[in-house]
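Have a look at the structure below before the remarks.
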Amino acid sequence: METINQGLMPGETIRTGKPPLEFSKADKGMTAGMLACGFLFWEWIMANGGQPALGVTLFIAVLCAFSLLYYRQAGIRPSPAGFAALAAVCLSGAQFTLFATMDLQFFNFLFLSSAFLYWTALTSGTRLTGRLSGYILGDLFNQWLIVPFSNFAALPAGIRQSLKGTKKGREIFGAAVGFLIFLPVLLLVISLLSGADDAFSDFWNNLVRHLMLADLGTWLLEFILGIPVACYLYGVLYGNARKLHTGNLTHDGIAAGLRKLRVAPGAALYAPLAAFNLLYLLFFIALGGYLFSAFFGDLPDTMTYAEYARKGFFELCGVAAINLGVLALVYTLMKREKDARPAPLRFLTGLMSAFTLLLVATAMSKMLLYIASYGLTRLRVYTSWFMLLLFIAFLLIALWHVRRFDLSKPLILVFAIAFIALTYANTDGIIAKYNIERHAAGELASLDYYALAQLSDAAAPYLFEVFENAEDPEEKAQARLALLCVGGYGYAYPVNPSVFDFAGSKDSDIIQQRPFGRHFNEWNRQTARADALRAAVL
C-alpha cells in the first residue's frame with residue numbers, strides 16, 4: 001500500500017503494511033519437501049482409514065529428515081537437548097511399527113505430534129524459556145496454533161517467488177494451473193468418449209493398466225488434500241527458522257497474566273485447605289482398618305473381592321485428581337510476592353500431598369487385589385499406570401514442599417518416559433500372557449475370552465498356545481474364536497505396506513528376517529504359527 005508523505009520529495013512515496021516474506025535457497029527447496037510430506041500424510045496415514053502402523057513411522061522419518069536438512073542449510077545446529085528431543089520423537093514414531101493397539105496409538109500420535117513441534121522450537125531457539133519448564137504448555141500452544149497458522153501463507157509465497165524468478169518457471173506454473181483447472185473437463189470428456197465407443201474404452205483401460213495410472217486420481221486428490229498439511233508444516237519450520245510470529249506469546253506476557261490472577265488473600269485459601277486436610281484425617285481414622293486391609297490381602301467379611309476392589313476405587317482416584325487441581329489453583333490464586341511460599345501454605349499443601357499419596361496407595365492396593373483375583377484387562381493396566389504416575393507426581397510435590405527445586409522439569413520428564421514406556425510395553429501381549437499362565441496354574445478360575453478377543457495381534461501367540469494345548473472342546477472352541485478376532489482378523493487385511501506392523505503382519509518371511517533378539521524372534525515365530533493356524537481354521 002502506497003501513501004504520500006509531506007516530508008518527501010514530490011512523486012516520492014513510502015510503502016506501508018507488512019514487509020514481503022524473504023526466501024533463501026533452503027526455504028525455496030523446502031517447499032517441495034513439505035508438499036511431498038503433505039501428500040505422504042494422506043497416502044501413508046489417512047488413506048488407510050487412519051490405521052497407525054508403518055506409515056506413521058515412515059512419515060515421521062521423512063519429515064524429520066527434511067527438517068534436519070532444512071535447519072542445516074539454514075545454519076541451525078541442534079543442541080544436545082535438541083538431539084534428545086529428536087530421539088523421543090523417533091522412539092514415539094517407531095512404536096507404530098511394533099504394535100497396533102489403537103486406543104494407545106491415538107494418544108501416542110498426539111504425543112508424537114507435540115514432541116515434534118516442541119523439538120522444532122527447541123532446535124530453532126524459539127521456546128518461551130531457554131529450558132524445559134512448566135511453560136512447555138505455552139510452547140505447545142504457540143507451536144500447535146500460533147506459529148503454523150500465522151505463517152500458513154508462507155508456502156504458496158515461497159513457491160510463487162521460486163517460479164517467478166525465471167521465464168521458464170512462470171511457464172511451468174501457468175501450465176500446472178491451467179491443467180488443474182481443465183482437469184475435471186478432461187476427465188468428463190474421457191468418460192463420454194469411453195461410453196461412446198467400446199474400442200476406445202478398451203484402449204483407454206489398457207493404457208491405464210500398462211502405465212499404472214489406476215491410482216492417478218487418488219494420488220491427485222491426496223496431493224490436493226495434502227496442500228493444507230504442507231502449508232501447516234512449512235509454516236512451523238519456516239516460522240521458527242525465521243523467528244516469524246514466534247514472539248506473539250511470550251514468557252513475560254504469561255508471567256504477567258499469572259500475576260494478575262493472584263487476587264486471593266492467604267486467609268481465604270488457608271481455611272479451605274485446613275478443611276480438606278481435616279476431612280481426610282477423619283476419613284482415614286474412621287475407615288482406616290477397612291481401607292488398609294488390601295495391603296495385607298485381608299477381605300472384609302461382608303464383601304467379595306470384586307465388591308471390595310470396586311467400592312470407592314474410582315472415587316479415590318477422583319479425589320486424588322481433584323487434589324492436584326486444588327493445589328494448582330491455590331498456588332495460582334494466592335496473593336504473594338513473586339514465588340514466595342509462606343510457611344502456612346507449605347504446611348497445608350504439603351499435608352494435602354501426603355494425604356493424597358496415602359489415597360493413591362490405597363486405591364493401588366485395591367486394584368492389585370482385584371487383578372490378583374480376576375486377571376488383567378486393558379482398563380486395569382491403564383488405570384494402574386495412571387495411578388502410579390499420579391503417585392510419583394504427588395511424591396515429587398511432597399518433596400518440593402520439603403526442599404525447593406524446579407518441579408516442572410522432573411514432572412515433564414517422568415510423564416514423557418512413562419508414556420513412551422507404556423507404548424513399548426506390549427500391554428496386550430502382557431495381558432494375554434498373564435491371564436493365560438495364571439489360568440493354567442489354577443490361580444484364575446476362568447479365562448475371559450471375550451476380553452481377550454478385543455486385544456490386538458500381540459495376544460495371538462498366547463491364544464494359539466491355548467488352542468493347541470486345550471483338551472476341553474469348549475475351551476478349544478472359545479480360544480479358536482478369540483484367535484480369529486484378535487487384531488480385527490474378521491476383516492480383510494490391507495495390502496498397503498504402510499499399514500504393516502510386526503505384531504499383526506501376515507508375512508512371516510519378513511518377520512523372521514528381522515534381527516530383534518532371541519526373545520523377539522521367538523515371539524515372531526509364534527505369531528507366524530498363529531497366522532498359519534488362522535489360515536487353516538478359516
Side-chain angles (χ1 to χ4, degrees), residues 133-134 137 257-295 300 308-370 382-412 414-415 418:
S133 67
L137 297 178
L258 291 175
R259 284 194 296 269
K260 290 180 181 179
L261 294 176
R262 294 179 179 178
V263 295
L269 297 174
Y270 294 154
L273 284 175
F276 272 111
N277 287 314
L278 180 60
L279 178 64
Y280 295 143
L281 179 61
L282 294 175
F283 178 78
F284 284 117
I285 291 174
L287 301 175
Y290 160 77
L291 286 174
F292 300 130
S293 59
F295 285 111
Y308 175 72
R310 290 173 181 168
K311 182 67 175 177
F313 168 76
F314 290 105
E315 289 80 0
L316 291 176
C317 292
V319 169
I322 289 172
N323 287 352
L324 188 62
V326 168
L327 291 178
L329 192 64
V330 165
Y331 277 97
T332 300
L333 297 180
M334 184 173 174
K335 188 184 298 183
R336 53 201 171 96
E337 292 295 328
K338 294 184 178 181
D339 293 328
R341 299 185 302 166
L345 177 66
R346 290 179 58 193
F347 173 76
L348 291 172
T349 54
L351 188 60
M352 177 179 275
S353 300
F355 278 133
T356 307
L357 281 172
L358 202 53
L359 287 171
V360 174
T362 302
M364 289 176 65
S365 67
K366 292 165 77 69
M367 175 56 72
L368 292 175
L369 183 61
Y370 194 30
Y382 299 155
T383 303
S384 300
W385 174 85
F386 174 74
M387 287 190 298
L388 180 60
L389 192 63
L390 201 61
F391 184 86
I392 295 174
F394 272 102
L395 181 60
L396 289 171
I397 293 172
L399 293 174
W400 178 73
H401 283 86
V402 176
R403 182 178 180 182
R404 188 164 186 169
F405 58 90
D406 185 1
L407 179 60
S408 57
K409 185 174 182 178
L411 284 176
I412 295 168
V414 164
F415 170 77

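Given the structure is predicted, the values throughout are model-derived calculations rather than measurements. All residue numbers in this chain count up from 1 along the given sequence.
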**Asked** How would you list, by chain and number, every residue that makes a side chain to side chain contact (heavy atoms under 4.5 Å, CB included) with Y270, sequence neighbours excluded?
**Response** M334, P342, P344, L345, L348
**Message:** Which residues pass the side chain to side chain contact (heavy atoms under 4.5 Å, CB included) test with A354, not counting sequence neighbours?
**Reply:** none
Looking at [X] and [Y], what are the two nearest heavy atoms and their distance?
X	Y	value
M352	L273	CE-CD2, 3.9 Å
C317	A363	SG-CB, 4.4 Å
R346	H401	NH2-O, 2.7 Å
I412	G134	CD1-N, 4.5 Å

What is the distance from atom [atom1] of [X] to atom [atom2] of [Y], rounded to the nearest 0.5 Å?
X	Y	atom1	atom2	answer
F391	L359	CZ	CG	11.5 Å
F394	L324	CZ	CG	4.5 Å
L390	M364	CG	CE	10.0 Å
L258	L333	CG	CG	10.5 Å
L396	K409	CG	NZ	13.5 Å
W385	L389	CH2	CG	5.0 Å

**Message:** Name the residue from L358, N323, L351 that meets the side chain to side chain contact (heavy atoms under 4.5 Å, CB included) definition with Y280.
**Reply:** N323
**Message:** Given T349, which partner from the list L269, L327, I397 fulfils the side chain to side chain contact (heavy atoms under 4.5 Å, CB included) test?
**Reply:** L327
**Sub-4.5 Å side-chain heavy-atom contact between L407 and L399** = no
**Message:** Applying ring pair (Phe, Tyr, Trp, His ring centres under 6.0 Å), can you list everything that pairs with Y331, at least two apart in sequence or on another chain?
**Reply:** W400
